[in-house]
Asker: 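Let me give you the structure first, and then I'll get to my questions.
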2 protein chains.
Amino acid sequence: MSVSVKDVAARAGVSIGTVSNVMNRPDKVSASTVERVQRAIDELGFVRNDAARQLRAGRSMAIGLVILDVGNPFFTDLARGAEDKAAESGLSIILGNSDERAARETTYLELFEQQRVHGVLISPFGDITDRLHRLRDRGIPAVLVDRTSADVSFSSVSVDDVAGGSLAVEHLIDTGRHRIAFVGGPHAIRQVADRLEGARATVARHPGVTLEVIETAALSVIEGRAAGVAIRERSAAERPDAVFAANDLIAMGVLQALNMQGVLHVPHDIALIGYDDIDFASAAVVPMSSIRQPSAMIGGTAVEILLEEAADPTLAPRQIVFQPELVIRESTS
Amino acid sequence: MSVSVKDVAARAGVSIGTVSNVMNRPDKVSASTVERVQRAIDELGFVRNDAARQLRAGRSMAIGLVILDVGNPFFTDLARGAEDKAAESGLSIILGNSDERAARETTYLELFEQQRVHGVLISPFGDITDRLHRLRDRGIPAVLVDRTSADVSFSSVSVDDVAGGSLAVEHLIDTGRHRIAFVGGPHAIRQVADRLEGARATVARHPGVTLEVIETAALSVIEGRAAGVAIRERSAAERPDAVFAANDLIAMGVLQALNMQGVLHVPHDIALIGYDDIDFASAAVVPMSSIRQPSAMIGGTAVEILLEEAADPTLAPRQIVFQPELVIRESTS
DNA sequence: TCCGATTGTTAAAACGATTCAATTCCCTCA
DNA sequence: TGAGGGAATTGAATCGTTTTAACAATCGGA
């Protein structure tokens, strides 16, 4: 059925070892043989069997990447950064979407383990340190992305979310807001918790400013909209005068809800700032202020570290932390 | 280093064949043996080697999916639909982003061929019919997504883009517009060409209505913005009074540009309608009218067809065409 | 002419799981 | 009691590639 090196070797009148050499170390083979084998390959339409190569090599040329949400441009940008960097070394990325569900996260890690991937990049949701240790014991390194590791034995590439939370709230206070609401969740997600922590710390430094916390079940537009509706329906006295959303999707949902009846106006009645600075933030009903993260660079850097650790497993883990950046647009001015 | 069936067999005191049976046909093995082998597996932390399984099986349990742009929510929704459906049969999806570049598209197809994937779903960019035929000759079926195949020997799942184009322009004309501009490109992308064709046909049926075509280099927010700036800078007499964008990303870019100086107002000065109805469309500066496509269902249906063809290669190819739906929002009222 | 080095090529042994024909064991029934 | 049958298990072959040790051929130098 399928054509193998054996067929190529027969056709070219050489041994299968030589065919392999032509593909992997052409310099070890005489020019005339290379040419002959190459012609046989073309004529037969031979395509290497990756499974066989992997079996022999002991590991695959793919990197597993698990992200929290494919619907979030922040993560797709991150994935793109990772993909580009991986391609430079001839590796490919297998993308898994955990969708903020522990079961799916585990499923992907099992899959990657079975595939003997080159390494794993993960934006963790559940508690997976055991699994990551197991992977490492098997020679598969892991790097956490968008998250500093609680377990410092793993490298991580992240953004200082506490600083980002501060940056956002500081800005809201600077523009004269006093009653701030934080919208986002679940708090089990470290990024959310950190952003909230930054917000809390900053509020604490400013007497007279209050912080209300509205927890959502997920970081999605839908959840944001629900929270926004709840805010809109309050009396003016009970409403916050500013909302800090845990990410831009939540922020867009909140914005939609506030805007819906035309009675509340952003930023006049309520200022709004998001997080991630996805492309769509600047195109929103009211162009949204946000906290920018270097998403593609996070992905690229994570791949770099992963490859270094794959090459030398004794390397000490590193924690790379990028600084976020405030982007001011109409929603807070 | 790594623990294999052989180790498990030794530990459990059975042959490797039995270990394999425990994993694949437990009913063929006595309960006590199953239990003993299972314990050995757990104790040793055995994980199946996928490469070896694949090598033996002849093909992998993954489906390759090539999409035009991961940054476009339409495609990530489609991918999610495909992933969910594939998971039901224990298959996984390997996602490749061609980024509207023929070279990348080819690279992914080569990769999938080497991986002996179960099948390929592709939203084609370049001319790949030869490659797809080759894949099929090797027993790898392919289904085109979001695109009717010019080559009817392949199945496809798509949306009637000509009808969608008509729907959009019909609506613009209904709301009193006469000078319509179509923004999008490259025209080499079939979806773009079809939407334009639908637009043209509709305009032709309405005397007095003109259609101008502005071609962009890609279907991105950036490209849309550039086109929007060009429109904004024209004199009022030369400006169109409506824009039909080939997709929502382009539309959002156009919207940003028109909105920028605050001199032009959507929909008052220029009406705007996009295509795809991505989540962000309703959250735009001016909530955008759009043409909705059942993105997740396209992905799911494509996987279904693919699996059927993989099971029975003699099946006649089918062309599934969904109908698009007009969604009216502020940008055209 | 012979030796050692160099270059090109080969044959065979992995890698780890699956599968299938062959074997063992035990039970039942005539 | 012995033949026949079913269930459980085994052993060996197989998938397609890479790798390595061994071998052959060629050549320059002594």
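In what follows, chains are A, B, ... by sequence order, proteins preceding strands, each numbered from 1. Only this structure's heavy atoms are used, side chains among them; waters, hydrogens and symmetry mates stay out. Every value quoted in this text rests on a predicted model; they were computed, and no experiment measured them.
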Asker: Look at the side chain of A:Arg53 and decide which nucleotide, out of D:dA12, D:dT17, C:dC15, has an atom nearest to it.
Answerer: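 Minimum distance to the A:Arg53 side chain belongs to D:dT17.
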Asker: In whole angstrom, what separates A:Asn21's CG from C:dT7's C1'?
Answerer: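 The distance from CG of A:Asn21 to C1' of C:dT7 comes to 12 Å, rounded to the nearest Å.
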Asker: Tell me whether the side-chain N/O atoms of B:Asn24 come closer than 4.0 Å to OP1 or OP2 in C:dT18.
Answerer: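 Yes, within the criterion.
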Asker: Between P on C:dT18 and CD1 on B:Ile16, what's the gap in Å once rounded to a whole number?
Answerer: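 For the pair B:Ile16 CD1 and C:dT18 P, the rounded distance is 10 Å.
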Asker: I need the CE-P distance between B:Met23 and C:dT19, as an integer number of Å.
Answerer: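 Going from B:Met23 (CE) to C:dT19 (P), I get 11 Å.
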Asker: Can you see if the side chain of B:Arg48 gets near the phosphate of C:dA17 - specifically, an N or O under 4.0 Å from OP1 or OP2?
Answerer: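 The answer is no; no side-chain N or O of B:Arg48 sits under 4.0 Å from OP1 or OP2.
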Asker: Taking the nucleotide of DNA chain D with the nearest heavy atom to each, does B:Ala31 or B:Ala52 sit closer to the 5' end?
Answerer: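 Here B:Ala31 is the residue nearer the 5' end.
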Asker: Looking across every strand, which nucleic acid part, if any, lies under 4.0 Å from A:Ser30 by heavy atom: base, sugar-phosphate, or nothing?
Answerer: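 Sugar-phosphate: the residue A:Ser30, judged by heavy atoms under 4.0 Å, touches backbone atoms but no base.
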Asker: Within this structure, what is the NZ-to-P distance between A:Lys28 and C:dT6, rounded to whole angstrom?
Answerer: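 Nearest whole value for this atom pair: 12 Å.
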Asker: Give a yes/no on whether any side-chain N or O of B:Thr18 is located under 4.0 angstrom from OP1 or OP2 of D:dA8.
Answerer: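 Checking D:dA8 against B:Thr18, no side-chain N or O comes under 4.0 Å of OP1 or OP2.
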Asker: Under the 3.5 Å rule, do the base of C:dT18 and the side chain of B:Arg56 count as making a donor-acceptor pair?
Answerer: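 Counting by modelled atom types and ignoring angles, a donor-acceptor contact under 3.5 Å is found here.
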Asker: Counting only side-chain nitrogens and oxygens, does B:Ser4 get under 4.0 Å of the OP1 or OP2 atom of C:dG16?
Answerer: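 For C:dG16, OP1/OP2 do not have a side-chain N/O of B:Ser4 under 4.0 Å.
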Asker: Do we get A:Arg136 above A:Phe154's six-membered ring, with its NZ or CZ under 6.0 Å from the centre and within 45° of the axis?
Answerer: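 Pair A:Arg136/A:Phe154 counts as cation-pi.
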Asker: Expressed as a whole number of angstroms, how long is the span from A:Leu55:CG to C:dA14:C1'?
Answerer: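 Between C1' of C:dA14 and CG of A:Leu55: 9 Å.
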Asker: Nearest whole angstrom, please: distance from the C1' of D:dC15 to the CG of B:Asp50.
Answerer: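 So the CG-C1' distance, B:Asp50 to D:dC15, works out to 15 Å.
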Asker: Tell me what A:Val29 touches on the nucleic acid: a base, only sugar-phosphate, or nothing, going by heavy atoms under 4.0 Å.
Answerer: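 Contact class for A:Val29: sugar-phosphate only.
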Asker: So, the side chain of A:Glu105 versus the backbone of A:Val66: is there a donor-acceptor pair under 3.5 Å, distance only?
Answerer: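 The answer is no, because no donor-acceptor pair under 3.5 Å joins these two groups.
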Asker: Select base, sugar-phosphate, or nothing to describe what A:Val19 touches, counting heavy atoms under 4.0 Å on all strands.
Answerer: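 No contact at all - A:Val19 keeps every heavy atom at 4.0 Å or more from the nucleic acid.
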Asker: Give the rounded distance in Å between these two atoms: NZ of B:Lys6 and P of C:dC15.
Answerer: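 Taking NZ of B:Lys6 and P of C:dC15, I get 6 Å after rounding.
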Asker: Between the side chain of B:Arg36 and the main-chain N/O of B:Ala12, is any donor-acceptor distance below 3.5 Å?
Answerer: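 Between the backbone of B:Ala12 and the side chain of B:Arg36 there is a qualifying donor-acceptor contact (under 3.5 Å).
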Asker: For the backbone of A:Leu68 and the side chain of A:Ser123, can you confirm whether one donor and one acceptor N or O come within less than 3.5 Å of each other?
Answerer: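 Side chain of A:Ser123 to backbone of A:Leu68, a donor-acceptor pair under 3.5 Å: no, none is there.
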Asker: Between B:Arg25 and C:dT19, is there a side-chain N or O to OP1/OP2 distance below 4.0 Å?
Answerer: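 True: B:Arg25 side-chain N/O within range (under 4.0 Å) of C:dT19 OP1/OP2.
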Asker: Counting only heavy atoms not in A:Met297, do more than 12 sit closer than 6.0 Å to its CE atom?
Answerer: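 No, CE of A:Met297 has 12 or fewer neighbouring heavy atoms, counting only those of other groups under 6.0 Å.
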Asker: Show your working on salt bridge (charged side-chain N to carboxylate O under 4.0 Å, His left out) between B:Asp42 and B:Arg39 and close with a plain yes or no.
Answerer: CA-CA 5 Å; B:Asp42 294 342; B:Arg39 194 167 49 230; over 6 Å; no
Asker: Please report, rounded to the nearest Å, how far the P atom of D:dG16 is from the CZ atom of B:Arg59.
Answerer: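 After rounding, the gap between these two atoms is 15 Å.
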Asker: State which of C:dA17, D:dT17, C:dT9 makes the closest approach to the side chain of B:Asn49.
Answerer: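 Nucleotide nearest to B:Asn49's side chain: C:dA17.
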Asker: With a 4.0 Å cutoff (strictly under), does any side-chain N or O of B:Thr33 reach OP1 or OP2 of D:dT9?
Answerer: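 Result: yes.
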